[in-house]
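For reference, the structure discussed in these notes is given below.
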Amino acid sequence: FIFDVELVELKTEEEIYEEEAEIIQDYIENNEIEAESYPNSLYHVLLEEGDGKQPKSSSLVEFHFTRKYLDGTIIETTTDDDPIRTYLNNPTGSIQLVRGLEEGLLLMKEGETAELIMPSKLAFGKSVQVLPQQLRQDWAEKEEINPVTKPYSPVIYEVELIEVN
């Protein structure tokens, strides 16, 4: 194969993260969302208040989630009969949560439903980059790569915290 490639633009990760912060802020303002912001760039939007326990950094949690892009496109979701059950801050566990999801779960209470809006630095960062993009999609469908989230993409997790142990 012979490819002709033209470099159109080059950005540092810091420049990308700054752009993402602006995109997220615009999204929140344009959609008139009441969100609590945190210094790490995580936004917490309370959808339904919970009245149960709040997890600690090593709690066993059970939750449902839907991960989507800011435009509403769903990337991944749990099913009603198959919630995620994992320990927080467990780097050797079979389920590894992205930093923004872990930090967001620590803000929630049992029974709560919330949206966690986060830049890619709290989610999947540069992820796996494959060109052409259709090849990336094919590999994701065959589960040869994971996650399917596009590189440098802010995401929203809609999370229902079911149980804390």
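Start at 1 with the first residue, then count along the sequence.
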So CD1 of I84 and CZ of F63: to nearest 0.5 Å the spacing works out to 5.5 Å
Of all heavy-atom pairs linking V155 and A123, the shortest is CG2-CB, 3.7 Å
Membership question, hydrophobic clusters at under 4.5 Å side-chain separation (ILVMFWY): are I24 and Y38 in the same one? no
Residues passing the salt bridge (Lys or Arg N to Asp or Glu O under 4.0 Å) test with E18, sequence neighbours excluded, are none
By side chain to side chain contact (heavy atoms under 4.5 Å, CB included), N31 pairs with (sequence neighbours left out) Y27, I33
When rounded to the nearest 0.5 Å, the distance separating OH of Y43 from CD1 of I28 is 5.0 Å
With sequence neighbours left out, the residues meeting side chain to side chain donor-acceptor pair (under 3.5 Å) with E20 are S120
#### Entry: Within 6.0 angstrom of I2 CD1, more than 12 heavy atoms from elsewhere
no
The reported gap from CD in E158 to OG1 in T77 (rounded to nearest 0.5 angstrom) is 8.5 Å
Note: E15 and L10 closest approach over all heavy atoms is OE1-O, 4.3 Å
The complete set of side chain to side chain donor-acceptor pair (under 3.5 Å) pairs with one or both residues in residues 2-11, sequence neighbours excluded, reads K11-E19
The salt bridge (Lys or Arg N to Asp or Glu O under 4.0 Å) partners of E115 (sequence neighbours excluded) come to K68
Q.
Side-chain heavy atoms nearer than 4.5 Å, only ILVMFWY residues, links allowed to pass through others: does that put I156 and L107 together?
A. no
Across all chains, not counting sequence neighbours, the salt bridge (Lys or Arg N to Asp or Glu O under 4.0 Å) partners of E103 are R99
Sorted by chain and number, sequence neighbours left out, side chain to side chain donor-acceptor pair (under 3.5 Å) with E32 holds for none
Should L70 and I117 be marked as a side-chain contact (heavy atoms from CB on, under 4.5 Å) after you check the CA-CA gap, both sets of side-chain angles, and the distance that decides it?
-> CA-CA 8 Å; L70 297 182; I117 304 169; 4.1 Å; yes
Going by chain and number, the hydrophobic cluster around V8 (ILVMFWY, side chain to side chain under 4.5 Å) further includes none
Residues G100 and L116: closest non-hydrogen pair is O-CD1, 4.2 Å
Heavy-atom nearest pair, L88 first then L97, reads CD2-CD1, 3.9 Å
Nearest heavy-atom contact between L122 and S41 is CD1-C, 4.1 Å
In this structure, CD of E160 is separated from OG1 of T113 (nearest 0.5 Å) by 4.5 Å
Sorted by chain and residue number, the side chain to side chain contact (heavy atoms under 4.5 Å, CB included) partners of S57 (sequence neighbours excluded) come out as N89
Path from Y69 to M118 over hydrophobic side-chain contacts below 4.5 Å: yes
Using a 3.5 Å cut-off and no angle test, enumerate the donor-acceptor pairs between side-chain atoms of residues 44-55 and protein atoms at least two apart in sequence or in another chain.
| residue | atom | partner | partner atom | Å |
| --- | --- | --- | --- | --- |
| H44 | NE2 | E112 | OE2 | 2.9 |
| K53 | NZ | V164 | O | 2.8 |
| Q54 | NE2 | L106 | O | 2.7 |

Sorted by chain and number, sequence neighbours left out, ring pair (Phe, Tyr, Trp, His ring centres under 6.0 Å) with F65 holds for Y157
* Please examine the side chains of Y87 and I95, heavy atoms only from C-beta on, and report whether any two atoms are closer than 4.5 Å. => no
Residue set satisfying side chain to side chain contact (heavy atoms under 4.5 Å, CB included) with E163, at least two apart, ordered chain then number -> E62, R85, E110, N165
The reported gap from CD in E36 to CG in L42 (rounded to nearest 0.5 angstrom) is 9.5 Å
